[in-house]
Student: 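The structure that follows is given in the form of structure tokens.
Residue numbers begin at 1 in each chain, while the letters A, B, ... track the order of the sequences.
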Amino acid sequence: MNSLLNVIFTTDFAFSLLRVTTPILFAALGALISNRAGIINIGMEGIMLVSALAGVIVSAYTQSAWVGLLGAVLSGTLIAGILAFFTLKFKTHIILGGVAINMFASGGTVFILYLLSGDKGSSTSLASKVLPSVQIPLIKDIPVLGPILSGHHILTYVSILAVLAVYYLLNRTPLGLRIRSVGENPHAAQSVGVSVVKIQYTALLLSGFFASLGGAYMSMGYLSLFTRDMIAGRGWIAIAAESMGRSTTIGTALTSLLFGAADALSNALQVLKIPAELIATLPYVATVIGLLIYAVSETRKKNKKVKSPVAK
Amino acid sequence: MEHALLEMRGITKVYPNGVVANHDVHFSLREGEIHAIAGENGAGKSTLMKIMFGMEEPSEGDISIRGEKVKLQSPQDAIDRGIGMVHQHFMLVPSFTVAENMVLGMEPRKGVGFNYNEAVRLTEETARKYNLAVNPKAKVEDLTVGMKQKVEILKALVRGAKILILDEPTAVLTPQETEELFVELQHLKEQGHTIVFISHKLKEVKAICDRITIMRGGRSEGVFQTKDVTEQEISRLMVGRDVVLKYDKDNVPFGKPVLSVDKLSVHDSQGKALLEEVSFAVREGQIVGIAGVEGNGQNQLVEALTGGLHAVSSSGSVKVNATDILAADILRIRSLGVSYIPEDRMRQGAAGDASISDNLISTRYRSKDMNKGPLLNGKRIAALAASLVEEFKVRCSGPQQPIGMLSGGNMQKVVVARECSTSPQLLIAEQPTRGVDIGAAQFIHQKLLELRSAGSGIVLLSADLNEILELSDSLLVMYEGEIVAYFENPSKVSEEELGLYMLGINRQDKQQIGRAVNHV
């Protein structure tokens with residue numbers, strides 16, 4: 001037990017917590033926006049994978065990490081656009097579309113990787129670039145906090161800013177108001193002249209945008225290369241985090257952090273003699289318990305509401 | 001020549017499924033009046049109003065505003081031309097505040113952000129101007145129905161509506177809220193607004209409307225000055241039957257009571273009475289008809305009889321052969337020999353993707369007959385399905401065809417076959433022939449009469465006066481959750497007389513209504 005605490009209460013662990021949360025957080029914010037518009041984008045995994053590869057390829061050919069990032073974001077948003085086009089224009093079921101995107105991405109990325117590098121496993125032969133890490137002046141000199149908060153990858157800081165941006169977008173802008181109205185009562189939105197389809201397009205593109213930031217982080221920060229299926233379920237975990245966070249920005253950020261913690265823990269605990277598989281179940285056990293508590297409290301609230309007017 | 005504010009000429013609307021909802025309808029609106037559109041359910045009021053608000057485009061006919069021809073292709077077109085609508089089912093976002101709902105789609109901005117304070121101010125200003133008090137910062141989901149309606153009216157007004165269409169605005173209101181609404185509407189009229197008031201409640205129409213357009217069967221029956229026509233005349237124009245059906249009924253004496261409803265009252269979560277002290281009985285071999293304009297408690301009554309009433313508060317008793325079923329679940333009620341033909345065959349009556357055969361056994365797949373050990377008995381099921389398809393003349397490619405591919409009439413025959421073939425003690429038939437062609441309707445009527453001859457008790461709820469007057473042995477009329485009339489020989493009742501009760505103009509005294517319990 002002591003050795004467990006020794007692992008958790010270190011600055012290294014806190015640092016890695018932020019590091020592994022970043023891709024989950026990005027994707028969860030993306031899932032949040034599309035969900036609030038009433039459209040579940042389950043293609044997060046595929047979008048992240050495509051953008052991860054695009055970042056590596058573009059940066060390798062242009063020799064600029066920043067152009068690589070742009071390429072990653074454009075390709076991820078494009079994939080989301082394709083999903084939106086099929087769903088909103090041709091009325092394909094969004095779940096089918098999402099599954100198609102995921103499967104296409106899984107196979108397609110390996111295919112393109114092989115075409116360009118002759119390798120089906122990773123992009124080691126491509127000289128891709130990595131986005132920089134940032135030392136924050138002043139903060140980096142604070143004991144304990146400094147090593148935790150400073151020196152992260154730039155996209156990690158962007159992800160924290162993105163939480164604020166998404167919060168502002170959803171709660172403080174006309175677009176956010178419309179996104180939420182479309183998700184909650186599309187008829188109401190339509191009756192006052194809000195175009196439901198236009199809003200859902202926008203929301204899906206935004207979800208692709210955020211997911212692709214997460215994808216770019218994976219291959220240009222978390223690792224410095226692309227490997228096949230490198231997203232490894234983070235897109236799915238992000239969808240779970242969004243739902244467990246009850247579709248609020250703050251809740252989503254906190255549950256992303258929780259899943260990140262479980263991820264970081266399973267990395268850190270590999271030094272101990274606890275089976276890694278058992279540790280890997282932690283986030284899911286946490287999910288089940290969290291949802292249980294949530295369901296019980298909601299049911300109680302509802303029962304109260306139903307009973308009170310009748311009781312008179 | 002002075003132009004009408006809004007004029008609709010020769011409006012015909014045919015839906016893709018062939019239903020003619022409006023046929024050559026004329027409607028003309030004068031500036032500053034409150035104009036009622038009255039008619040029974042299915043008379044075409046809703047369609048006309050949807051066309052007026054740009055939600056549907058007419059197949060024929062044209063619309064002009066102040067003499068200028070217009071095309072209304074979306075609600076936005078209508079809003080832009082100063083037409084606002086208060087829907088019966090409110091178009092509000094529950095988790096939003098009043099102010100947020102008010103400005104949705106036309107949000108005030110501050111930089112890139114949404115200016116909530118300005119939204120609140122605008123709401124307050126509009127509310128004050130029209131004397132409609134609301135709390136801009138309250139969440140809509142916490143509001144009463146009456147308050148939500150105010151928000152809806154304000155929503156239309158803040159978008160510049162000069163013509164306000166209200167779709168059955170009083171259907172969801174308590175009497176006090178209704179009075180309040182009328183004061184508000186009068187006030188709006190004084191400020192120069194024009195109001196279209198859709199209703200089938202004649203008292204209300206008489207109380208606040210200047211003119212009235214009456215619709216029946218998709219046609220406009222005429223426009224009247226409200227003060228020039230009596231409620232009786234309006235009722236006669238609204239209610240009527242076109243073709244008279246005739247059936248021969250066996251003269252078998254009724255048996256013992258199978259259903260007794262005693263002082264059944266139901267309240268909704270807001271405490272509004274949906275059913276009030278409803279008492280009646282149904283005996284073996286008797287068809288008891290229940291007439292009434294939709295939304296006068298029939299749904300709650302059916303729910304009480306079929307086990308769907310658990311969430312709301314109720315009192316009284318509903319007994320099937322002396323067993324109280326008010327708290328029983330559906331399986332238990334069915335095991336007592338109760339069958340149910342629901343009004344909505346697509347949603348409740350049948351599983352569209354499942355086969356005819358699967359639908360037929362869905363109420364009895366548990367019975368020993370249908371099973372062989374742990375598995376279903378395919379042979380028995382096939383034989384049953386084949387014989388029912390034949391007996392009920394279901395036109396299909398075979399019992400394995402998905403029921404959703406059948407026409408409405410054939411689909412309904414399958415539902416009727418399922419419910420009638422179990423020799424029920426009691427059958428609840430809710431709109432059994434709605435949307436069904438004449439041939440299928442007559443066939444279903446025959447089947448109901450056969451069941452009656454075999455000694456089943458039947459509760460028949462129908463908006464089709466023809467059907468209900470002809471089939472019923474005795475007839476109840478419901479109005480606002482109460483039984484207001486009881487007739488022993490319905491085929492002798494004229495539709496005019498019935499209309500007076502259905503629309504709440506007349507009601508019988510307690511003693512007469514009380515006969516529904518004993519049928520004496």
Side-chain angles (χ1 to χ4, degrees), chain A residues 32-33 35-38 93 161-162 164-200 202-203 206 245-251 298-299 301-312, chain B residues 50 53-55 74-80 84-87 89-97 99-119 140-142 144 148 151-152 155-156 158-159 161 266-272 310-315:
Chain A
L32 172 65
I33 294 173
N35 250 12
R36 289 305 289 265
H93 198 289
L161 293 178
L164 301 177
V166 168
Y167 180 85
Y168 184 80
L169 170 76
L170 285 178
N171 297 293
R172 297 276 186 273
T173 66
L175 177 62
L177 197 70
R178 289 177 188 195
I179 286 177
R180 288 187 290 136
S181 75
V182 164
E184 199 173 328
N185 187 350
H187 299 295
Q190 204 158 21
S191 75
V192 292
V194 172
S195 163
V196 172
V197 167
K198 214 190 265 174
I199 294 296
Q200 290 185 331
T202 312
L206 281 171
R246 294 168 55 185
S247 298
T248 63
T249 315
I250 305 301
E298 280 295 294
T299 318
K301 234 191 272 170
K302 213 179 270 171
N303 284 349
K304 252 188 204 160
K305 246 187 189 172
V306 170
K307 269 177 195 153
S308 52
V310 174
K312 64 177 177 183
Chain B
K50 279 182 185 162
F53 192 57
M55 295 163 78
S74 74
Q76 193 59 48
D77 286 352
I79 293 170
D80 291 343
M85 170 137 172
V86 175
H87 300 265
H89 303 284
F90 299 137
M91 297 290 182
L92 297 170
V93 184
S95 77
F96 283 17
T97 64
E100 285 170 328
N101 268 292
M102 283 284 289
V103 299
L104 182 63
M106 45 171 274
E107 303 87 355
R109 285 163 193 263
K110 192 169 64 183
V112 291
F114 163 52
N115 190 343
Y116 183 61
N117 290 334
E118 171 62 16
V140 163
E141 62 195 354
D142 299 330
T144 62
K148 285 182 190 163
V151 177
E152 279 281 39
K155 251 177 77 183
V158 82
R159 285 169 172 72
V266 172
H267 292 85
D268 70 6
S269 57
Q270 313 266 341
K272 187 181 172 193
H310 299 299
V312 279
S313 65
S314 56
S315 61

Student: Taking C-beta and beyond as the side chain, do B:L104 and A:L177 meet within less than 4.5 Å on heavy atoms?
Tutor: yes
Student: Looking at B:H87, B:R159, B:M106, B:M85, which one has more heavy-atom pairs under 4.5 Å with chain A than the rest?
Tutor: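 The option with the most such pairs is B:R159.
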Student: Side chain, backbone, both or neither: which part of A:R172 has a heavy atom under 4.5 Å from chain B?
Tutor: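 The answer is the backbone of A:R172.
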Student: A side-chain contact here means heavy atoms from C-beta on lying under 4.5 Å apart; do A:L175 and B:F114 qualify?
Tutor: no
Student: I'd like to check B:M55 versus A:S191 (side-chain heavy atoms, cut-off strictly below 4.5 Å). Are they in contact?
Tutor: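 Sidechains of A:S191 and B:M55: no contact.
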Student: Rounded to the nearest 0.5 Å, how far apart are CG of A:N185 and CZ of B:F96?
Tutor: 10.0 Å
Student: Side-chain contact, heavy-atom cut-off 4.5 Å: B:M91 with A:Q190?
Tutor: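 B:M91 does not reach A:Q190 side chain to side chain.
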Student: Of all the heavy-atom pairs spanning B:V93 and A:S181, show the shortest one and how long it is.
Tutor: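 Taking B:V93 first and A:S181 second, the nearest heavy atoms are CG2-CB, 3.7 Å.
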Student: Going from NE2 on A:H187 to CZ on B:F90, what distance comes out if it is rounded to the nearest 0.5 angstrom?
Tutor: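 A:H187 atom NE2 to B:F90 atom CZ measures 15.5 Å (nearest 0.5 Å).
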Student: I need the minimum non-hydrogen distance between B:I79 and A:V192, along with the two atoms involved.
Tutor: CD1-CA, 4.2 Å
Student: Select, from B:K155, B:R109, B:K110, the one with the greatest count of heavy-atom pairs under 4.5 Å involving chain A.
Tutor: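 When all of B:K155, B:R109, B:K110 are compared, B:R109 has the most.
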Student: Identify the heavy atoms of B:P94 and A:E184 that sit nearest to each other, and give their distance.
Tutor: CD-OE2, 3.0 Å
Student: Between B:S95 and chain A, with a heavy-atom cut-off of 4.5 Å, which part of the residue counts as in contact: side chain, backbone, both or neither?
Tutor: both
